[in-house]
Amino acid sequence: MIDLNKLAGVIAAHMTQASGLEKDKTDQLRYGLEIILGTLIKGALLFSLAYLFNVLPQVALALAAGGLFRLLSGGAHCTGYWRCLVLGVTVYLFIGLAAVNMANLITLQWYKAMAGILILVATACTVKWAPGEVPYRAMARREINTFKALSLLYLFLWAGLILFFVDKANYSLYLAALLALAMQTISFTPWGYGLVARADGLMAKLAGKGGETSAFIEEVALHPGNFDRLDHSRHRH
């Protein structure tokens with residue numbers, strides 16, 4: 001399997017040498033290239049599969065809603081790029097397929113009731129846990145409050161779009177956006193960290209890597225009650 005870190009490092013080294021950049025800039029360039037390459041691979045794979053399953057519009061809108069919400073609210077990650085790729089692609093394909101099938105089973109009135117409940121739950125979770133804790137990085141209280149406020153504003157924006165414009169288009173699209181917001185909300189709760197840790201460990205075992213996961217997500221997975229203490233410990237006064 002391709003080592004994305006090494007590939008980005010090789011490209012960064014060649015670019016640094018060819019452009020005459022200082023060698024201490026190589027790591028910064030490698031990091032940026034790794035993000036770009038990872039995003040391109042994930043996007044190409046996700047949209048190709050979504051096209052094959054005939055859920056491309058639903059997946060695209062779900063990614064727009066959930067992806068931007070994730071940038072603001074944070075959340076659990078796998079400990080390796082390829083495991084993160086598999087989990088992310090699986091989740092968004094599931095959202096697209098679920099939205100198409102659910103749209104044929106529930107009425108518009110039921111959809112609006114479900115949307116209202118999910119938005120209220122997502123709001124409560126955002127107030128309680130967003131932005132999601134990340135390892136090796138402490139956030140100042142002001143930064144936490146800023147991202148929490150932006151997450152809530154973003155959530156309310158989509159709530160308005162989902163509830164008031166759903167009858168003007170195929171509502172499987174808005175259902176996909178709603179499910180994406182719900183899945184992203186789960187990802188920054190203690191239960192989300194636990195689920196991702198278990199999925200990460202399972203994929204690592206299947207790949208023959210011994211099922212290692214980071215100490216951080218193991219702590220949240222095994223002791224969800226400690227999440228609030230972890231949450232308080234990140235505040236720097």
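Atom set for the values below is all heavy atoms of this structure, side chains included, hydrogens, waters and symmetry mates excluded.
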Trainee: With ILVMFWY side chains joined below 4.5 Å, transitively, what does Leu152's cluster contain besides itself?
Mentor: Val127, Phe156
Trainee: Is there a continuous path of hydrophobic side-chain contacts, each under 4.5 Å between heavy atoms, that joins Leu120 to Phe69?
Mentor: no
Trainee: Nearest 0.5 angstrom please: Thr90 OG1 to Leu85 CG, how far?
Mentor: 8.5 Å
Trainee: Determine, using the 4.5 Å side-chain heavy-atom cutoff (strictly less than), whether Leu68 and Leu153 are members of one ILVMFWY cluster.
Mentor: no
Trainee: Using only atom types and a distance under 3.5 Å, with no angle test, would you say the side chain of Asn101 pairs donor to acceptor with the backbone of Leu97?
Mentor: yes
Trainee: Please, which pairs that meet side-chain hydrogen bond (donor to acceptor under 3.5 Å, both in side chains) have at least one residue in residues 54-64, sequence neighbours excluded?
Mentor: Gln58-Ser172
Trainee: What pair of heavy atoms forms the shortest contact from Cys78 to Val196, and how long is it?
Mentor: N-CG1, 4.0 Å
Trainee: Out of curiosity, Leu61 CG to Leu161 CG, how far, rounded to the nearest 0.5 Å?
Mentor: 9.0 Å
Trainee: Using the rule given for side-chain contact (heavy atoms from CB on, under 4.5 Å), can you reason through Gln109 versus Met114, listing the C-alpha separation, both sets of side-chain angles and the distance that settles it, and then say yes or no?
Mentor: CA-CA 9 Å; Gln109 289 71 28; Met114 181 180 70; over 6 Å; no
Trainee: So Val121 and Cys125, do their side chains get closer than 4.5 Å, heavy atoms only?
Mentor: yes
Trainee: State the OG1-NZ distance between Thr107 and Lys112, to the nearest 0.5 angstrom.
Mentor: 10.5 Å
Trainee: With a cut-off of 3.5 Å and sequence neighbours excluded, list every side-chain donor-acceptor pair involving residues 37-50.
Mentor:
unit_1 : atom_1 : unit_2 : atom_2 : d
Thr39  : OG1    : Ile35  : O      : 2.8
Ser48  : OG     : Ala44  : O      : 2.6

Trainee: Test Thr126 against Phe188 for side-chain contact (heavy atoms from CB on, under 4.5 Å), laying out the working first.
Mentor: CA-CA 8 Å; Thr126 301; Phe188 59 74; 3.6 Å; yes
Trainee: First locate atom CD1 of Ile144, then atom NZ of Lys148, and finally report the distance between them rounded to the nearest 0.5 Å.
Mentor: 7.5 Å
Trainee: Sorted by first residue and then second, give each ring-ring contact (aromatic ring centres under 6.0 Å, His included) pair with at least one member in residues 162-185; sequence neighbours left out.
Mentor: Tyr111-Tyr171
Trainee: Drop me the distance from Trp129's CH2 to Tyr193's OH, to the nearest 0.5 angstrom.
Mentor: 11.5 Å
Trainee: Using a distance-only test with no angle check, is there a side-chain donor-acceptor pair under 3.5 angstrom linking Arg83 and Thr79?
Mentor: yes
Trainee: Test of understanding: clusters of I, L, V, M, F, W, Y form through side-chain heavy atoms closer than 4.5 Å, transitively. Do Leu163 and Ile117 belong to the same one?
Mentor: no
Trainee: Is the closest side-chain heavy-atom distance between Val91 and Ile95 below 4.5 Å?
Mentor: yes
Trainee: What pairs of donor and acceptor atoms, side-chain ones from residues 175-187 against any protein atom, are under 3.5 angstrom apart with sequence neighbours left out?
Mentor:
unit_1 : atom_1 : unit_2 : atom_2 : d
Gln184 : OE1    : Arg70  : NH1    : 3.1
Gln184 : OE1    : Ser187 : OG     : 2.9
Gln184 : NE2    : Ser73  : OG     : 2.8
Gln184 : NE2    : Gly74  : O      : 2.6
Gln184 : NE2    : Ser187 : OG     : 3.4
Thr185 : OG1    : Leu181 : O      : 2.8
Ser187 : OG     : Arg70  : NH1    : 3.3
Ser187 : OG     : Gln184 : O      : 2.7

Trainee: Can you list everything that forms a side chain to side chain donor-acceptor pair (under 3.5 Å) with Tyr154? Sequence neighbours excluded, please.
Mentor: Trp158
Trainee: Shortest non-hydrogen contact from Ala115 to Ile162?
Mentor: CB-CG2, 4.1 Å
Trainee: Say you draw a straight line from CG of Leu150 to CG of Leu157; how long is it, rounded to the nearest 0.5 Å?
Mentor: 12.0 Å
